[in-house]
Number of protein chains: 2
Amino acid sequence: MTTHIPSAPRQAVIREVGLRDGLQSIATILPTSAKREWIQAAYAAGQREIEVGSFVPAKLLPQLADTAELVDFARSLPGLFVSVLVPNLRGAQNAIASGADLMLVPLSASHAHSLANLRKTPDEVVAEVARIRAERDAAGSRTLIEGGVGTAFGCTIQGHVDPEEVLRLMQALLDAGADRVSLADTVGYADPGMVRRLFERATALAGDRFWCGHFHDTRGLGLANVHAALEAGVTRFDACLAGIGGCPHAPGASGNVATEDLAYLLGSMGFDTGIDIGRLLALRERVAGWLTNETLHGTLWRAGLPKTFPASVADAAFRLRENHGR
Amino acid sequence: MTTHIPSAPRQAVIREVGLRDGLQSIATILPTSAKREWIQAAYAAGQREIEVGSFVPAKLLPQLADTAELVDFARSLPGLFVSVLVPNLRGAQNAIASGADLMLVPLSASHAHSLANLRKTPDEVVAEVARIRAERDAAGSRTLIEGGVGTAFGCTIQGHVDPEEVLRLMQALLDAGADRVSLADTVGYADPGMVRRLFERATALAGDRFWCGHFHDTRGLGLANVHAALEAGVTRFDACLAGIGGCPHAPGASGNVATEDLAYLLGSMGFDTGIDIGRLLALRERVAGWLTNETLHGTLWRAGLPKTFPASVADAAFRLRENHGR
């Protein structure tokens, strides 16, 4: 991979998952009005992919009970690609009805983690994806199905997860009708060497249907892992503003990679993310004001952008995106 | 570069610079007894290179006034390689007298930063290195001279720093008699692309005399930059326990990469650092107790090591080192 900044910047995409992965893992429940404000401001900062929530029973995750309303709002913003998480067919039916652009079905490659968190084996999740695909096609819906293979680098319950099993399940998801597949280091066990090896094999396997990398910064390696994935050719990543989310097994631990730090990494390396980092940092401050009881993460916000940051790249890209339709 | 964990692990070295770069940048002044405890415990955790202080006038940096005493103590630990920083010939004379293994002479590739911080142009520092080399040789001393090229990726005063100028100054340091040269991202402006490009050229230029990479985590890219340097073949890095140090231009901002996070990155990737991370985390807790008024950094300490961490590698390496002499 060349790392020289080219004259026509390469594209990279950050999907904001703070409203789902972030908010589902913390105690504070944000009102719908605040979430709408977050989505609106993220959009104004140039973000064009947002996972707005999860179609799960409200009694399980009351903090995400307003997902349908948020999909509706997010769809009103031109050019915004709207994702939701669905754990099963019931959730998928809601996602299809909501008109979301994409529904992410999580699968845990760790059998122990899968049974503990989803009460299904990984292969039962694959079978559910086949049912979701049939339902989606029968409904004539255009909502894409993403099969997200989580605990792809190990898990806190069973420890080691075999990369061969990860790739087998990824292939099974594709065979079952997933339009996209992705890899997640759910508990922050990956290092750049593991990422490079697995992502190279996964992208070779899935080709254009490989969708994104989802890294947690639980042990400080989040952005180093992103760098390794970039080298494997992946340019689409999940991230949470202020790195919110954490890890249920480690109180206070970091959550997903912080959107603002990731946007800085990508922008500095010459990738066009379309994101105005100044606006993103202003939004971070607003969200931090709503989450005063939570541990926030990320690093850039303390120091700000370097003098040498190629603002022209980000600004030009931002203006370009503003004029785009969907 | 292969990133597969080999059966005979590759070596990597972390030089602890918390007692110098860390302590010089914070308000708290640690008593000599605490610093000795830190050095002793770092040694017990397997660290074999420590920068214990700086030979500068005590009225400029009172927190490092006990450097000679610390060199003396550190030299009593078998196999510990003892570094100090010296800003000029006077400092070098003290370092030579102390019997330190290595003296680091900092040079700032940014002319504006050099004049503001060292009150010398970069080329005047090169000339000082030549005088230090003559003095060292005349004294029959074996203290190595490291020329450290700082602000190698930009600076907060002048902004852009030309890589050609960085490499010119590195060559000039070698020509002036530096035994080793290194590169520092003093203010946290580097990204992995810049690091890969500059480190490849620097190691090609300096060969075996290229000594180490010194990264600050000011904007969250510290370990991603380490990863890029690893790919350029560099396996020796500076780090501060708990990432202490900060940035005088950004209150509360992160300092150097955190030793414990770096040790985890390297260990997970199959490098033998000789460090027992459990002991290192215990030491971090002790140091944190001394620095309650300071902002500490690092991520691993909250979550701890993964279940899958190859403890056997680190433990075996640790036992091996214990039996080594100098």
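Numbers restart at 1 for each chain; the letters A, B, ... are given by sequence-line order, proteins then strands.
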- Give the ring-plane orientation class for B:Phe215 versus B:Phe237, where under 30° counts as parallel, over 60° as perpendicular and anything between as tilted. tilted
- Query: Which class fits the ring pair B:Phe309 and B:Tyr264: parallel under 30°, tilted 30 to 60°, perpendicular over 60°?
  - Reply: tilted
- Message: Looking only at heavy atoms and a cut-off of under 4.5 Å, which of A:Gly298, A:Pro306, A:Gly220 has the most pairs with chain B?
- Response: A:Pro306
- Query: A:Leu221, A:Leu223, A:Asp261, A:Val226: which one forms the most heavy-atom pairs within less than 4.5 Å of chain B?
  - Reply: A:Leu221
- Query: How long is the span from the CZ atom in B:Arg284 to the CD atom in B:Glu260, to the nearest 0.5 Å?
  - Reply: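 With rounding to 0.5 Å, CZ (B:Arg284) is 5.0 Å from CD (B:Glu260).
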- Among B:Asn225, B:Leu300, B:Val161, single out the residue with the greatest number of heavy-atom pairs under 4.5 Å to chain A.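 That would be B:Leu300.
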Please state whether the side chain, the backbone, both or neither of [X] comes within less than 4.5 Å of a heavy atom of chain A.
X        : result
B:Tyr189 : both
B:Leu262 : neither
B:Asp217 : both
B:Ala228 : both

- With B:Glu164, which residues qualify under salt bridge (charged side-chain N to carboxylate O under 4.0 Å, His left out), at least two apart?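 B:Glu164: salt bridge (charged side-chain N to carboxylate O under 4.0 Å, His left out) contacts with B:Arg201.
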- Item | Residues in side-chain contact (heavy atoms from CB on, under 4.5 Å) contact with B:Glu200, at least two apart in sequence or another chain | B:Arg196, B:Ala232
- How close do A:Ala112 and A:Ile157 get, heavy atom to heavy atom, and via which atoms?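 Scanning both residues completely, I find the closest heavy atoms to be CB-CG2, 3.8 Å.
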